[in-house]
2 protein chains.
Amino acid sequence: MSGSQPGLGAAHASSRSAILDLIRAAGTISRVELTRATGLTAATISTVVRRLIDDGLVLEVGRAESTGGKPRMLLQLDPSARYAVGVHLDHAGITYVIANLGGAIVARWRRPGAGSDDPATVVARIAAEIRTTITRVGVDPARILGLGVVSPGPISASTGMTLTPPVMQRWAEFPLGAALEDAVGLSVLLDNDATAAAIGEYWSGGIATGSAFAALYMGTGIGAGIIVDGTVYRGSSSNAGEVGHICVDLDGPVCWCGNIGCVEVLAGPAAVVAAARDAGLELPGRNVAENFGALARAASRGEELPLQLLERSSRYLGVAAQTLANVLDLELVILTGPAFALAGSLYLPEIERRLGQSFFARGSHPVRVTISSNAPEAAAVGAAALVLQSELAPRQAGLRMPLELPLEVTAG
Amino acid sequence: MSGSQPGLGAAHASSRSAILDLIRAAGTISRVELTRATGLTAATISTVVRRLIDDGLVLEVGRAESTGGKPRMLLQLDPSARYAVGVHLDHAGITYVIANLGGAIVARWRRPGAGSDDPATVVARIAAEIRTTITRVGVDPARILGLGVVSPGPISASTGMTLTPPVMQRWAEFPLGAALEDAVGLSVLLDNDATAAAIGEYWSGGIATGSAFAALYMGTGIGAGIIVDGTVYRGSSSNAGEVGHICVDLDGPVCWCGNIGCVEVLAGPAAVVAAARDAGLELPGRNVAENFGALARAASRGEELPLQLLERSSRYLGVAAQTLANVLDLELVILTGPAFALAGSLYLPEIERRLGQSFFARGSHPVRVTISSNAPEAAAVGAAALVLQSELAPRQAGLRMPLELPLEVTAG
DNA sequence: CTAACTTTGTTCACTTGCCTAAGAATGCCA
DNA sequence: TGGCATTCTTAGGCAAGTGAACAAAGTTAG
């Protein structure tokens, strides 16, 4: 809420974005269906779609079967019309992705993390990586919309981002966005991993435009990206969805955040690994992720102790997911991120069970739970989707609308 | 998500609503400030404000001090331009309110609750109450915008409302809205008490348009009304903010909702009263509310056991508030509803403490906590505000916008 | 006191997004 | 082959918002 806001008036081109988004969500769709979905007239749809086709974003692909008259022309996004680069920055590793308009991954690679290197050095490395791969893959640079960069933890709008306290402290005040824009020559968007993962799912998962869902992301920390009606829910300081630090046990251990009984300190990967160590298990991995993976494999094989530990963790995550669903009235929760990539199938049943018991699951609608199809690089894919979305839905952040209408009862 | 949606295109008159809402939030404001806040041009503001003045909704009240040129004309809502009736329907009692555009209460009264009476009888009683009071107070019926009706628990869009399972079961399938519209002759809006209380605070509390806040409502149950950017957050089935049934103790008692360790069963008024009884305390009241009030007074006097019980309850509610703030990234939590009206000051310190420790309280922004100034009839006032708001911001529910832009980094 | 300047607010012609209405295109079926 | 249904396009009009010029009402400098 800083300074003068773009506000209303900038709300134009919104139907173009809405239509593009519907085409994305549907995969292939006809003009008639677009009129029904948007509420716009056939005439408007016609002209807007014409412009989209002229701009090369949309293709006419064949015709549907006739329903008694002229058959509908089917529309689709042209996947190779635009591209975006996504980068997931973590101290464990940097994941790169180049994605096209269809949400498909054109290139994907991984390099060692930032570690203790100087931020400027890392930025130069990232820029070189991206440039060489773009030429190698043969993507027309003019069609690349931008670069999305994603990292764990809360972000600060001013400086760029504040990473989680324990690690990468020196990045806190580094102007990452501006530096990368200079180095790579692309416009840069910054966001946190959970939000990006949610957009990634929204983008490539064919999720309907009107739904409310969350991506529960477990990686270094535990967070949630929340998308409502096709819009990211950000809250008052862009830090919504901080699931890792909700309290699920008033008598629990102290978390590094200062509170007691946080989900993260009770059930996060680091906590699970630490508990295994305390119980006397030998863990050979060099970091938490590796050890967590080893525990997940051991649990899958049926080993007693790992199984117990992961079951305990999944109970807490079930509570967190249920809390999220209760507060936000979600209809879908997607498990994603590196930790769920390793152990998602162990967590799924318990989380599913709890959400099935949820207050409204019986009354109004069920809460579905799924595991992301690309959980390991969900954040990087989401970073790219972030950029794609910002092109398809170029909407000012400050645009605000007045209060929504409550349930209206129309008199007989 | 049913059928064809109103969709885009119906987005007109939105700037009129936005401007009206800004005038409401500011109390008094000039045209120049409106241009800055909305992003619209001075020309647009001029014409829209002219229409608002012609319609009698806005008044020009004096001029501001000159800043070197022509002094600004100050604008204000005309409080007596419009009125709305609010009704809070609970089995304990029915609270009525007539409020004006300024959010001020013109009339307020209370009658015995629905009890076990026939719904049709109750509707007739309500209609008679409202009609006689309108004439008694002398409000011009033509200036009454409508009737807001509010009750605890989740609502079903189809039939009207579903009240909480334990009581008033026979109301579940009664078409309350339609019946009231016929009987009273006003258009009727239905919603739940927590949401209404939140709008009430938003309306009369002078809360800024851009903020994210929640009204934590403790009455029969525990719920939260969530308002983001001046819009009610409703979720996918209008049941968002169900705080009462989030789990805060995995080893806790079973709740009537089927889950374990819900806030409501651990810390709700009924739970506090039951615990007091179990501990051997004599409680003379006829219902939970009276006994809870007695306990609150005893605790204020410093009696040991009541104090302990309420402190225990406030710890759980602190967790709930913190969870809400973490998930939604709130900047303000308002305690309201009958229970907080009785014991708010006993709850405030602990809730404040917890939110002060919250993850982002230190990093980005504090989370403020206040007690509603009119907690006892917050729901009824909110019911009226609901109607006022629906006039000031006549926005279609189905209007949906594509994804919001993430943090953009502008190069050099 | 007058002239120049600043800031506020209004008027008017123009653009743009969307709508209504009419018509063109393209298939099915008698 | 000629209706008929359905899809899509084109043409004219309305309304919201903009930009630019202008009018109004104050302050400040001479």
Side-chain angles (χ1 to χ4, degrees), chain A residues 4-20 23 28-54 58-75 393-396 399 401-402, chain B residues 4-20 23 28-54 58-75 393-396 399 401-402:
Chain A
S4 71
Q5 299 183 328
L8 304 157
H12 295 307
S14 76
S15 67
R16 178 186 159 106
S17 316
I19 289 169
L20 217 37
I23 298 176
T28 108
I29 194 172
S30 70
R31 290 180 180 77
V32 186
E33 292 167 287
L34 285 175
T35 65
R36 274 197 268 278
T38 56
L40 297 168
T41 15
T44 307
I45 296 291
S46 184
T47 55
V48 173
V49 167
R50 165 119 323 273
R51 264 211 300 277
L52 290 174
I53 290 175
D54 289 348
V58 167
L59 295 176
E60 286 187 323
V61 287
R63 28 165 55 81
E65 286 209 355
S66 167
T67 59
K70 176 175 175 178
R72 311 170 174 182
M73 294 296 289
L74 293 177
L75 305 169
R395 197 167 143 242
Q396 309 299 334
L399 193 149
M401 289 287 186
Chain B
S4 69
Q5 302 186 326
L8 307 157
H12 295 306
S14 77
S15 67
R16 178 186 159 109
S17 316
I19 289 169
L20 217 37
I23 298 175
T28 109
I29 194 171
S30 70
R31 289 180 181 76
V32 188
E33 292 166 286
L34 284 175
T35 65
R36 275 198 266 279
T38 56
L40 297 168
T41 23
T44 307
I45 296 292
S46 184
T47 56
V48 173
V49 167
R50 165 121 320 276
R51 263 210 302 277
L52 289 175
I53 291 174
D54 289 347
V58 168
L59 296 175
E60 284 188 323
V61 286
R63 26 165 57 81
E65 286 211 352
S66 167
T67 59
K70 175 175 175 177
R72 313 170 173 184
M73 293 296 288
L74 294 178
L75 304 169
R395 195 169 143 242
Q396 309 299 333
L399 193 150
M401 290 287 189

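Chain letters run A, B, ... following the sequence lines, proteins first and then strands; every chain starts at 1. Nothing here was measured: the structure is a model prediction, and the numbers come from that model.
Atom P of nucleotide D/dC8 and atom CD1 of A/Ile29 are separated by 11 Å, given to the nearest angstrom. In this structure, the CG atom of A/Leu34 is 13 Å from the P atom of D/dT7, given to the nearest Å. Atom pair A/Lys70:NZ and C/dG27:P shows a separation of 8 Å (rounding to whole Å applied). If you measure from atom CZ of B/Arg36 to atom C1' of C/dG9, you get 14 Å, rounded to the nearest angstrom. Between the CZ atom of B/Arg50 and the P atom of C/dC12 there is a distance of 13 Å, rounded to whole Å. Whole-Å rounding puts the B/Ile45 CD1 to C/dT11 C1' distance at 16 Å. Distance, A/Arg31 CZ to D/dT10 C1': 14 Å, rounded to whole Å. Atom CD in A/Glu65 sits roughly 15 Å away from atom P in D/dT6 (whole-Å rounding).
Of the side-chain N and O atoms in B/Ser66, none sit less than 4.0 angstrom from OP1 or OP2 of C/dT6. Regarding contacts with the backbone of C/dT26, every side-chain N or O of A/Arg63 stays at 4.0 angstrom or more from both OP1 and OP2. In this model, the phosphate group of C/dT7 is not approached by any side-chain N or O of B/Thr67 to a distance below 4.0 Å at OP1 or OP2. Contact check, B/Arg72 against D/dG26: no side-chain N or O comes under 4.0 Å of OP1 or OP2.
B/Val61 approaches B/Leu75 most closely through the heavy-atom pair CG2-C, 4.4 Å.
The shortest distance between side-chain heavy atoms of B/Val48 and B/Leu40 does not fall below 4.5 Å.
A distance-only check finds no donor-acceptor pair linking the side chain of A/Thr41 to the backbone of A/Ala43 [under 3.5 Å]. Under a 3.5 Å cut-off, the side chain of A/Thr38 and the backbone N or O of A/Leu34 do form a donor-acceptor pair.
Contacts of A/Thr41 with the nucleic acid, taken as non-hydrogen atoms under 4.0 Å apart, include base atoms.
Taking for each of B/Val48 and A/Thr44 the nucleotide of DNA chain D with the nearest heavy atom, the 5'-most of the two is the partner of A/Thr44. Where A/Ser30 and A/Gly69 each meet DNA chain D at their nearest nucleotide, the meeting point lying more 5' is that of A/Gly69. Place B/Gly68 and B/Val32 on DNA chain C by their nearest nucleotides, and B/Gly68 ends up nearer the 5' end.
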- For B/Arg31 and B/Glu60, run salt bridge (Lys or Arg N to Asp or Glu O under 4.0 Å): C-alpha distance rounded to whole Å, both residues' side-chain angles, the deciding distance at 0.1 Å, then the answer. CA-CA 10 Å; B/Arg31 289 180 181 76; B/Glu60 284 188 323; 2.7 Å; yes
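Listed nucleotides C/dT26, C/dT10, D/dA11 differ in distance to B/Ala42; the shortest reach to its side chain belongs to C/dT10. Across C/dT10, C/dT11, C/dC18, the shortest atom-to-atom separation from the side chain of A/Leu40 is found for C/dC18.
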